[in-house]
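Below is one structure, written out as structure tokens, with a few remarks after it.
Because the structure is predicted, anything quoted here is derived from the model rather than measured. Residue indices begin at 1 and follow the sequence shown.
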Amino acid sequence: MDHNKLALPVGTTLDRFIMRKQEDFPYATGELSQLLRDIALAAKIVNREINRSGLIDIAGAYGNRNVQGEDQQKLDVIANIRFIRALRNGGEVCTIISEEDEEMIQTGNNQGKYVVAIDPLDGSSNIDVNVSIGTIFSIYRRVSPTGREGTSADCLQPGTHQVAAGYVIYGSSTMMVYTTGNGVNGFTYEPSLGEFFLSHPDITTPQTGNIYSINEGSSESFSPGVAAFVKDCKDNKFSARYIGSLVADFHRNLLKGGIYIYPATAKGPQGKLRLMYECNPLAFIVEQAGGKSSNGFQRTMEIEPNTPHERCPVFIGSKELVEKAEAFLTKEKEAVVA
């Protein structure tokens with residue numbers, strides 16, 4: 001027997017990877033590294049709760065609505081509690097914006113140097129039917145002096161100021177994908193060891209693709225530019241792939257190439273997705289992977305936010321496809337002006 005096969009390496013753990021990357025920056029203090037570990041720990045706990053949700057009656061509706069006017073699921077509440085608790089106990093974060101809370105959350109860690117914007121459990125309405133769901137997070141360095149509570153100025157920074165962003169996808173396997181501005185790396189969770197292992201190093205998204213992801217149930221309210229782009233996709237024999245879970249749709253297109261669209265509609269003229277904890281973090285990731293994200297006319301990360309729960313349209317994915325969609329929208333705008 002080949003003895004080498006008896007002791008194959010299991011790979012690089014997330015903790016070890018973070019530590020090695022920290023060594024690349026001689027002035028790093030380790031606080032951002034610890035913050036990423038805190039998020040990973042909470043993700044492991046949430047993963048456990050999701051996997052047993054059908055057995056202990058924590059699936060289904062909670063009975064309340066969040067600040068977005070959306071029905072909360074029980075796991076929305078559980079995930080929100082887990083992530084806030086992990087970020088509060090870690091000590092690196094002074095203030096949190098969460099999809100599930102109307103106001104900024106002050107952690108009591110007034111010396112904390114970071115602010116986190118988070119969607120604790122995106123796509124949670126899909127839990128009951130076993131569709132992949134996820135967590136999305138964005139990390140900013142605070143701009144106000146330490147020693148006091150975080151301010152709105154700390155929380156309402158454009159996406160270009162992000163120091164890290166990532167998502168966790170809970171699916172057939174659980175993965176954490178993140179960037180600190182030096183490429184994108186993905187880690188797969190090994191439940192028997194309780195560790196995330198590097199499985200997708202240096203993720204690069206294809207410059208183009210043949211997948212488009214959009215809710216065509218809203219097609220009657222698409223603008224002419226969006227409708228024309230969707231028709232062009234069909235004319236070019238693209239595959240329509242839309243799960244209705246943002247992280248799952250984004251993750252597939254990131255790896256395979258494609259475009260995800262949630263445009264402005266008659267029902268939602270500002271779009272549906274939230275700038276701070278959905279669009280900006282995914283935009284940071286896709287740009288680091290070689291892709292692009294915009295609202296159809298402006299780079300997503302350059303949008304100046306006005307409120308914590310601000311919405312915006314999004315066209316995100318392979319660079320060539322996003323630019324093609326932008327061209328259709330520009331043509332529409334020029335036609336209106338003319």
Which pair of heavy atoms, one from [X] and one from [Y], lies closest together, and at what distance?
{"X": "S138", "Y": "M276", "value": "CB-O, 3.8 Å"}
{"X": "I203", "Y": "N185", "value": "CD1-C, 4.3 Å"}
{"X": "I259", "Y": "F315", "value": "CD1-CB, 4.5 Å"}
{"X": "G150", "Y": "C94", "value": "CA-SG, 4.1 Å"}
{"X": "R142", "Y": "E149", "value": "NH2-O, 3.6 Å"}
{"X": "V286", "Y": "G317", "value": "CG2-O, 3.7 Å"}

Output the distance between atom [atom1] ([X]) and atom [atom2] ([Y]), rounded to the nearest 0.5 Å.
{"X": "I316", "Y": "I285", "atom1": "CD1", "atom2": "CD1", "answer": "8.0 Å"}
{"X": "T13", "Y": "L193", "atom1": "OG1", "atom2": "CG", "answer": "10.5 Å"}
{"X": "I18", "Y": "Q34", "atom1": "CD1", "atom2": "CD", "answer": "8.5 Å"}
{"X": "R48", "Y": "R82", "atom1": "CZ", "atom2": "CZ", "answer": "6.0 Å"}
{"X": "I136", "Y": "L246", "atom1": "CD1", "atom2": "CG", "answer": "4.5 Å"}
{"X": "S152", "Y": "Q157", "atom1": "OG", "atom2": "CD", "answer": "10.5 Å"}

Connected via hydrophobic side-chain network under 4.5 Å: [X] and [Y]:
{"X": "V230", "Y": "F297", "answer": "yes"}
{"X": "V247", "Y": "I133", "answer": "no"}
{"X": "L121", "Y": "V168", "answer": "yes"}
{"X": "I39", "Y": "I50", "answer": "yes"}
{"X": "L41", "Y": "I84", "answer": "no"}

Inspect the surroundings of [atom1] in [X] and state if more than 12 heavy atoms from other residues, nucleotides or ligands are less than 6.0 Å away.
{"X": "N130", "atom1": "CG", "result": "no"}
{"X": "K256", "atom1": "NZ", "result": "no"}
{"X": "Q270", "atom1": "CD", "result": "no"}

Would the distance check show the side chain of [X] and the main-chain N or O of [Y] forming a donor-acceptor pair, the cut-off being under 3.5 Å?
{"X": "E278", "Y": "R274", "value": "yes"}
{"X": "R311", "Y": "K272", "value": "yes"}
{"X": "T205", "Y": "S318", "value": "no"}
{"X": "T95", "Y": "I105", "value": "no"}
{"X": "R252", "Y": "R241", "value": "yes"}
{"X": "T300", "Y": "S294", "value": "yes"}
{"X": "D154", "Y": "S144", "value": "yes"}
{"X": "Q298", "Y": "N295", "value": "no"}
{"X": "D249", "Y": "G244", "value": "yes"}
{"X": "N109", "Y": "R88", "value": "yes"}

May I have the step-by-step check of side-chain contact (heavy atoms from CB on, under 4.5 Å) for N80 and D101, ending in yes or no?
CA-CA 9 Å; N80 195 45; D101 291 274; 2.8 Å; yes
Does any pair with a residue in residues 188-207 pass salt bridge (Lys or Arg N to Asp or Glu O under 4.0 Å), and if so which ones, sequence neighbours excluded?
none
Side chains of N89 and D38: is there a donor and an acceptor less than 3.5 Å apart?
no
For Y189, ring pair (Phe, Tyr, Trp, His ring centres under 6.0 Å) partners two or more places apart
F196
Does any non-hydrogen side-chain atom of [Y] lie less than 4.5 Å from one of [X]?
{"X": "T265", "Y": "E220", "result": "no"}
{"X": "F137", "Y": "M176", "result": "yes"}
{"X": "L35", "Y": "L87", "result": "yes"}
{"X": "I139", "Y": "Y178", "result": "no"}
{"X": "E49", "Y": "L75", "result": "yes"}
{"X": "Y260", "Y": "Y242", "result": "yes"}
{"X": "F250", "Y": "D122", "result": "no"}
{"X": "E332", "Y": "S223", "result": "yes"}

Does anything in residues 163-172 form a side-chain hydrogen bond (donor to acceptor under 3.5 Å, both in side chains)? List the pairs, not counting sequence neighbours.
T135-Y170, Y167-H251
Can you pull out every side-chain hydrogen bond (donor to acceptor under 3.5 Å, both in side chains) where at least one residue sits in residues 226-240? Sequence neighbours excluded, please.
E216-K234, K231-D235, D232-N236, D232-K324
I would like to know whether V226 and L329 meet side-chain contact (heavy atoms from CB on, under 4.5 Å); could you show each step before the answer?
CA-CA 7 Å; V226 173; L329 291 175; 3.8 Å; yes
CA sep, side-chain torsions, deciding dist, call: N47, T174, side chain to side chain donor-acceptor pair (under 3.5 Å)
CA-CA 8 Å; N47 178 69; T174 296; 2.5 Å; yes
Show the numbers, then the answer: is there a side-chain contact (heavy atoms from CB on, under 4.5 Å) between V116 and F83?
CA-CA 10 Å; V116 170; F83 278 102; over 6 Å; no
Between V314 and S293, does the side-chain contact (heavy atoms from CB on, under 4.5 Å) criterion hold? Intermediate values first, please.
CA-CA 7 Å; V314 68; S293 178; 3.7 Å; yes
Linking directly or through intermediates, with side-chain heavy atoms under 4.5 Å: list the remaining ILVMFWY members grouped with V143, chain and number order.
none
Tell me every residue that passes side-chain hydrogen bond (donor to acceptor under 3.5 Å, both in side chains) with Y114, counting only those two or more places apart in sequence or in another chain.
R141
Less than 4.0 angstrom from a charged side-chain N to a carboxylate O is my criterion; do R37 and D15 meet it?
yes
